[in-house]
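Please read the structure below before turning to the comments.
In the text below, chain A, chain B and the rest are named by the order of the sequence lines, each starting its count at 1. Values reported hereafter were calculated over all heavy atoms of this structure, with side chains retained and with hydrogens, waters and symmetry mates removed.
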There are 2 protein chains.
Amino acid sequence: MNLLFQYFKQFNTLSKEAEAAIVAISSIVTIKKGKDLQPIGHTCKTIYFINKGVARIYYFKDGIDITESFFFENNIIARVESLFTGKPSRKAIQVLEDSEVVAINANQLFKLYDTFPEIERLFRKIFEAAYVETVNRIEGMQFHSAEERYNALLSEAPNVLMRVPLKYVASYLGITQVSLSRIRAHR
Amino acid sequence: MNLLFQYFKQFNTLSKEAEAAIVAISSIVTIKKGKDLQPIGHTCKTIYFINKGVARIYYFKDGIDITESFFFENNIIARVESLFTGKPSRKAIQVLEDSEVVAINANQLFKLYDTFPEIERLFRKIFEAAYVETVNRIEGMQFHSAEERYNALLSEAPNVLMRVPLKYVASYLGITQVSLSRIRAHR
DNA sequence: TTAATTATTTATCTTATGTTAAAGGATTAG
DNA sequence: CTAATCCTTTAACATAAGATAAATAATTAA
């Protein structure tokens with residue numbers, strides 16, 4: 001869990017006791033490419049951290065598979081619209097490569113907030129940063145053509161295009177696979 | 001500031017001391033229709049709560065005014081991409097009616113987090129809820145036609161359409177004013 | 001390794017939305 | 001109250017992206 005605690009340090013430094021408390025409610029999970037880490041309809045009670053692999057959050061709209069977001073090594077994943085509301089999620093988390101993740105029990109984590117304000121602060125900051133990213137993404141979606149969005153992704157997150165099947169990238173960009181092919185073929 | 005503390009109760013109940021501490025770093029601001037509460041290029045150091053009025057966050061893309069979001073009575077506004085990063089914001093907050101807001105000094109608020117964990121928790125929950133709304137909005141923007149987005153707004157937030165000039169609604173929906181007129185004219 | 005499946009591209013046609021311009025309404029300022 | 005400004009709609013045309021289908025290309029499983 002070294003990577004995880006390295007990651008935490010970016011946001012808030014934890015005491016040994018706090019680190020131990022987090023270790024006690026966490027476990028390592030390995031999962032094969034293509035499998036769902038969490039299924040649709042399930043209420044999110046786990047926060048994941050990716051040690052190795054790639055994952056996406058996806059859902060179905062009118063029977064069509066739509067990717068909401070991608071996650072790579074050294075990042076937290078959670079379906080926050082379920083985690084923070086306690087409602088079942090209409091979304092699933094799937095890994096796109098054989099992966100290893102740290103699974104943190106969210107209910108136990110939230111209990112730790114009472115005893116360790118430093119842990120509450122840590123996760124406050126983590127989710128504030130995630131919130132900022134989401135707000136920035138909205139800006140990217142307003143009034144940008146599909147081609148602009150593709151080019152932005154190419155320059156800001158080329159790893160997405162290297163490691164993720166294009167059909168998932170297309171729905172992430174809000175376009176069809178056919179349109180994405182057309183754009184890649186240079187117009 | 002009654003409305004504000006009523007609003008807070010939805011998220012976390014505060015002690016009298018904590019409430020007093022917040023009152024001490026807050027002030028009431030009245031501002032005329034059309035004025036900017038915070039200008040573009042300014043680093044966000046204030047969290048606002050709307051007692052009365054309507055506001056929007058907007059920015060310019062290629063010289064075109066784009067509305068990122070609307071805010072009504074009984075809600076918090078902040079340009080979180082600046083507030084949580086300390087960087088200047090490319091966005092402004094403007095009121096669309098004569099308005100009255102509570103201005104909370106953010107730096108002083110963040111200092112209160114150390115003495116009042118209950119205040120840190122309160123704002124953690126407030127921004128978690130705002131984060132969830134933003135994630136839901138992304139879902140609304142992926143693979144929905146302009147007409148679907150207009151109809152969704154009409155049923156979920158009719159007050160936007162009642163109180164806000166349509167030219168601002170158009171950019172919020174990610175379309176031109178002309179397209180919005182066409183959609184409203186029933187196709 | 002080969003067959004089967006899955007992913008990507010290409011082609012054609014259709015449609016929604018953008019662009020520009022102009023006219024009609026509504027609101028604001030003097 | 002009137003003129004000036006700003007907002008909204010309408011029209012005509014251009015273009016980006018959707019839909020469907022079929023052809024390649026790449027992966028996976030037997």
Side-chain angles (χ1 to χ4, degrees), chain A residues 31-36 53-54 56 58 60-67 70 94-99 140-154 158-187, chain B residues 31-36 53-54 56 58 60-67 70 94-99 140-154 158-187:
Chain A
I31 176 168
K32 285 282 178 194
K33 175 175 182 170
K35 294 288 179 198
D36 278 358
V54 190
R56 68 179 185 124
Y58 71 97
F60 290 95
K61 194 227 163 193
D62 303 335
I64 298 166
D65 176 318
I66 297 180
T67 297
F70 296 109
Q94 181 191 39
V95 300
L96 303 176
E97 297 176 358
D98 292 354
S99 299
M141 292 174 87
Q142 275 183 318
F143 280 97
H144 290 255
S145 67
E147 188 163 2
E148 285 176 304
R149 281 173 278 153
Y150 174 77
N151 288 329
L153 189 66
L154 196 58
N159 49 347
V160 170
L161 292 158
M162 314 282 307
R163 294 173 70 179
V164 169
L166 291 173
K167 61 172 182 169
Y168 297 144
V169 175
S171 67
Y172 172 80
L173 290 173
I175 57 179
T176 60
Q177 202 183 154
V178 173
S179 285
L180 180 55
S181 263
R182 192 158 33 197
I183 286 165
R184 284 162 58 83
H186 199 214
R187 73 150 280 111
Chain B
I31 175 168
K32 285 283 179 194
K33 174 174 181 171
K35 295 287 179 198
D36 279 358
V54 191
R56 67 178 184 125
Y58 72 97
F60 290 95
K61 195 228 161 193
D62 303 335
I64 298 166
D65 175 318
I66 298 181
T67 297
F70 296 111
Q94 180 192 39
V95 300
L96 302 176
E97 296 176 358
D98 291 354
S99 300
M141 292 174 86
Q142 277 184 317
F143 281 96
H144 290 256
S145 67
E147 187 162 4
E148 285 176 305
R149 282 174 278 153
Y150 174 77
N151 288 330
L153 188 68
L154 195 59
N159 49 348
V160 170
L161 292 158
M162 315 280 308
R163 293 173 71 179
V164 169
L166 290 173
K167 61 172 182 169
Y168 297 144
V169 175
S171 67
Y172 173 80
L173 291 172
I175 56 179
T176 60
Q177 201 182 156
V178 173
S179 284
L180 180 56
S181 262
R182 191 159 33 197
I183 287 165
R184 283 161 60 82
H186 201 216
R187 72 145 268 114

Looking only at heavy atoms, what is the nearest atom pair of Gln94(B) and Gly34(B), with distance? NE2-O, 3.1 Å
Between Phe143(A) and Val178(A), the residue closer to the 5' end of DNA chain C by nearest nucleotide is Val178(A)
Tell me whether the OP1 or OP2 atom of dA17(D) has a side-chain N or O from Arg182(A) closer than 4.0 Å. no
Selection from dA17(D), dC7(D), dG18(D) that lies nearest to any side-chain heavy atom of Gln177(B): dC7(D)
Please give me the minimum heavy-atom distance between Phe143(A) and Ile175(B), naming the atom from each residue. CZ-O, 3.0 Å
Nearest heavy-atom contact between Ser171(A) and Tyr168(A) is OG-O, 3.3 Å
In whole Å, I'd like the distance from the OH atom of Tyr150(B) to the C1' atom of dT8(D). 12 Å
Report, as a single string ordered 5' to 3', how protein heavy atoms within less than 4.0 Å touch nucleotides 23-30 of chain D: B base, S sugar-phosphate only, - not at all. -----S--
For Ser99(B) and Gly53(B), work out which heavy atoms get closest and say how close. OG-CA, 3.3 Å
Nearest whole angstrom, please: distance from the C1' of dA7(C) to the CZ of Arg184(A). 11 Å
Verdict with reasoning, Lys32(A) to Asp98(A), per salt bridge (Lys or Arg N to Asp or Glu O under 4.0 Å): CA-CA 4 Å; Lys32(A) 285 282 178 194; Asp98(A) 292 354; 3.7 Å; yes
To the nearest angstrom, the CG-P distance between Leu173(B) and dT8(D) comes to 13 Å
His144(A) NE2 to dA16(D) P: how many Å, rounded? 17 Å
Can you give me the bend angle of the helix from dT1(C)-dA30(D) to dA23(C)-dT8(D)? Use the axis through the first five pairs and the one through the last five, nearest 10 degrees. 50°
For dT8(C), does either OP1 or OP2 sit under 4.0 Å from a side-chain N or O belonging to Ser181(A)? no
Which ones in residues 160-168 of chain A lie close to DNA chain C, meaning a heavy atom under 4.0 Å from one of its atoms? Pro165(A), Leu166(A), Lys167(A)
Kindly determine whether Val160(B) and Met162(B) satisfy side chain to side chain contact (heavy atoms under 4.5 Å, CB included), including the steps that lead there. CA-CA 5 Å; Val160(B) 170; Met162(B) 315 280 308; over 6 Å; no
Sole residue of Lys33(A), Lys35(A), Arg163(A), Arg56(A) in salt bridge (Lys or Arg N to Asp or Glu O under 4.0 Å) with Glu97(A): Arg163(A)
Using modelled atom types only, decide if a donor and an acceptor are shared between the side chain of Arg149(B) and the backbone of Met141(B) within a distance under 3.5 Å. no
To the nearest Å, give me how far apart CG (Asp62(B)) and C1' (dT19(C)) are. 15 Å
Taking atom P of dA17(D) as reference, at what distance in whole Å does atom CG of Leu180(A) sit? 11 Å
Between Gln142(B) and Leu173(A), is any pair of side-chain heavy atoms under 4.5 Å apart? no
Among Tyr150(A), Phe70(A), Tyr58(A), ring-ring contact (aromatic ring centres under 6.0 Å, His included) partner for Tyr172(A): Phe70(A)
Round to a whole Å and report the spacing from CD1 of Ile175(B) to P of dA16(D). 19 Å
Does dA17(D) have its OP1 or OP2 closer than 4.0 Å to a side-chain nitrogen or oxygen of Thr176(A)? no
Applying salt bridge (Lys or Arg N to Asp or Glu O under 4.0 Å) to Arg184(A) and Glu147(A), what does each step give before you reach the verdict? CA-CA 9 Å; Arg184(A) 284 162 58 83; Glu147(A) 188 163 2; over 6 Å; no
So do Pro158(A) and Leu161(A) actually touch side chain to side chain, heavy atoms under 4.5 Å? no
Between NZ of Lys61(A) and C1' of dG18(D) the distance, given in whole Å, is 12 Å
So what does Gly174(B) touch, heavy atoms closer than 4.0 Å: a base, only the sugar-phosphate, or nothing? sugar-phosphate
